[in-house]
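Let me begin by presenting the structure, written as structure tokens, before commenting on it.
Proteins get letters first, then strands, A, B, ... in listed order; numbering begins at 1 in each.
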Protein chains: 2
Amino acid sequence: MLTQTAVPAVRSGSFKRPAMQVPPPPRNHELGSPVDLMGAPMSFARNAEIYGESEPAEYLYKVLSGTVRTYKVLTDGRRQVGGFYVAGDIFGLETGAEHTFSAEAITECKVLVIKRSTLMALAERDHEVARALWTITGGELRRSQSHIMLLIKSAQERVASFLLEMATRISAGNAVELPMSRQDIADYLGLTIETVSRTLTILENAATIELSSSRRIVLRNRPALNRLNA
Amino acid sequence: MLTQTAVPAVRSGSFKRPAMQVPPPPRNHELGSPVDLMGAPMSFARNAEIYGESEPAEYLYKVLSGTVRTYKVLTDGRRQVGGFYVAGDIFGLETGAEHTFSAEAITECKVLVIKRSTLMALAERDHEVARALWTITGGELRRSQSHIMLLIKSAQERVASFLLEMATRISAGNAVELPMSRQDIADYLGLTIETVSRTLTILENAATIELSSSRRIVLRNRPALNRLNA
DNA sequence: CGACCATTTGATATGGATCAAGCGATGTGG
DNA sequence: CCACATCGCTTGATCCATATCAAATGGTCG
């Protein structure tokens, strides 16, 4: 694309905090009460590591508030973000002995830390729990598979898919308050930060979205996004 | 807009050939004897569909001989191959109600067809079985996650990773007899058939591999491949 | 106000896609 | 048994989407 009339899209007001700080109603996933009782709540500061790749997977985690990213770094430094987790989501559950990704807090956040061995013991007796564990892993598998489908698409399609995904997970109406940086998005989508930024600008110029601030995006034309979602 | 085949519309009919026909010792995965007894063996011709995406996942499958591919096709025809399954591998196991990918026989093949409900009933009583199911899904999750890591790499890295993966799964020494076409490989790696072909040529010129025939590849320099594997 | 960090924008480079032949095996009908 | 159609693969020429390099802008905080 060429420069497009250099309309410096008016960034409405200076906003302060790209937060996500409103304690969202813990939309319960699988594993309800039993787990909530056996876990210990814990806080992590912005960018704090929750666990590292290939560390023993002694615990699993449930987000209470804030947002978490999982990622893997290749030897040469390229980083791939595996997923974003918000309130209610469970992450860090493994069938193997070690974590396959690392996990970090994107924002200040609170997570419930659950001992795997305890849960496994419980699953031994309670089928519901065993099934819940399997279902969570199955959910991750589906997420991972659609991530693969995402990575074969064009930049515009990836960004559109990302926005729609985020909209279903953390939107208030059509507005999405993104907790993560452009770099996180880029590493999730397998693009560069510049391409993400340019693509958002293109979508804004097409009136498909509105960037009220860099972290706040309003979906103006979902059909257009869905069309891109291929 | 990139890559991918437009749905393999033309099915070159009837053929026996491309290798892998030696009945390989069913290297048992999870789910040993119990399952092997409750499944019904079934044969599929080259390119025959085993199940389609979004069909009810009433059965799961264990490969006895031959090779299977799973794949998904986007609305515009781009195809992504999710994985290849050889003797001993289990595929089609879902936690949800429907298959997320389609499955086809790449070569003539025999698979054990297992009724999910039967297995679920068994899992209800037998913890070992329940755990095996979870472990299989966990294995698929890890495969899927490394597939994501593959898709952010360069063409040479993808091809090298692919060859090494195949070598560990179906090699005799350093020779790999590929059951799948270049198109299948391309759609697995998120590249075009031309790029796969050119990349193999480059690796051959670098004496990293040897193409005794287009389907038979000898790994001549594993360290070099491992280096590319990043 | 000034420093810093995140984001956007601009200019250019490039890896892989696309378009287009060519080539070698394999099977087919004469 | 041979010319010929196919099919799967390779090779070549060119194009283009996204990466890379570089700089400007803007928002935040001390």
Report task. Check every strand shown and say whether A:Leu200 touches a base, only sugar-phosphate, or nothing at a heavy-atom separation below 4.0 Å. Result -> nothing
Query raised in the report: Would you say B:Arg198 reaches C:dG16's phosphate, i.e. side-chain N/O to OP1/OP2 under 4.0 Å?
Result: no
Query raised in the report: When we call it a touch if two heavy atoms are under 4.0 Å apart, what does B:Ser154 touch: a base, just sugar-phosphate, or nothing?
Result: sugar-phosphate
Requested in this report: Please determine, by modelled atom types, if A:Glu165 and A:Tyr188 share a side-chain donor-acceptor pair under 3.5 angstrom.
Outcome: yes
Requested in this report: Quickly work out the A:Ile217 CD1 to C:dA6 P distance and round it to whole Å.
Outcome: 17 Å
Query raised in the report: Can A:Arg78 and A:Asp187 be counted as an ion pair, charged N to O under 4.0 angstrom?
Result: no
**Report entry** Side-chain H-bond candidate by donor/acceptor type, B:Ser197 with B:Glu194, under 3.5 Å
**Finding:** no
Query raised in the report: Does A:Arg215 make a side-chain N or O approach to OP1 or OP2 of C:dA6 shorter than 4.0 Å?
Result: no
Query raised in the report: Does C:dG16 have OP1 or OP2 sitting under 4.0 Å from an N or O in the side chain of B:Thr195?
Result: no
Query raised in the report: Are A:Asn47 and A:Arg69 close enough that a side-chain donor and a side-chain acceptor fall under 3.5 Å?
Result: yes
Query - Distance, rounded to the nearest Å, where A:Leu203 contributes CG and C:dT9 contributes P - result: 13 Å
Query raised in the report: Taking the side chain as C-beta and beyond, is there a heavy-atom pair between A:Arg182 and A:Leu200 under 4.5 Å?
Result: yes
Query raised in the report: Base, sugar-phosphate, or nothing for A:Thr192, non-hydrogen atoms under 4.0 angstrom?
Result: base
Query raised in the report: If you look at every strand shown and take non-hydrogen atoms under 4.0 Å, does B:Ser214 touch a base, only sugar-phosphate, or nothing?
Result: sugar-phosphate
Requested in this report: Would you classify A:Ser181 as touching base, sugar-phosphate or nothing, given that sugar-phosphate means primed atoms plus P, OP1 and OP2, and contacts are heavy atoms under 4.0 Å?
Outcome: sugar-phosphate
Requested in this report: Could you state the atom-to-atom distance from CZ of B:Arg78 to C1' of C:dT18 in whole Å?
Outcome: 15 Å
Query raised in the report: In whole angstroms, how far is the P atom of C:dT8 from the CD atom of A:Glu194?
Result: 11 Å
Query - d(CD, B:Gln183; C1', C:dA17) in whole Å - result: 13 Å
Query raised in the report: Expressed in angstrom and rounded to an integer, what is the separation of A:Glu204 atom CD from C:dT7 atom P?
Result: 15 Å
Report task. Please state how far atom CG in B:Leu211 lies from atom P in D:dT10, giving the value in whole angstrom units. Result -> 7 Å
Report task. Check every atom of C:dT9, D:dC9, D:dT18 against the side chain of B:Ser197 and return the nucleotide holding the closest atom. Result -> D:dC9
**Report entry** Whole-Å gap separating P (C:dT7) and CG (A:Leu191)
**Finding:** 15 Å
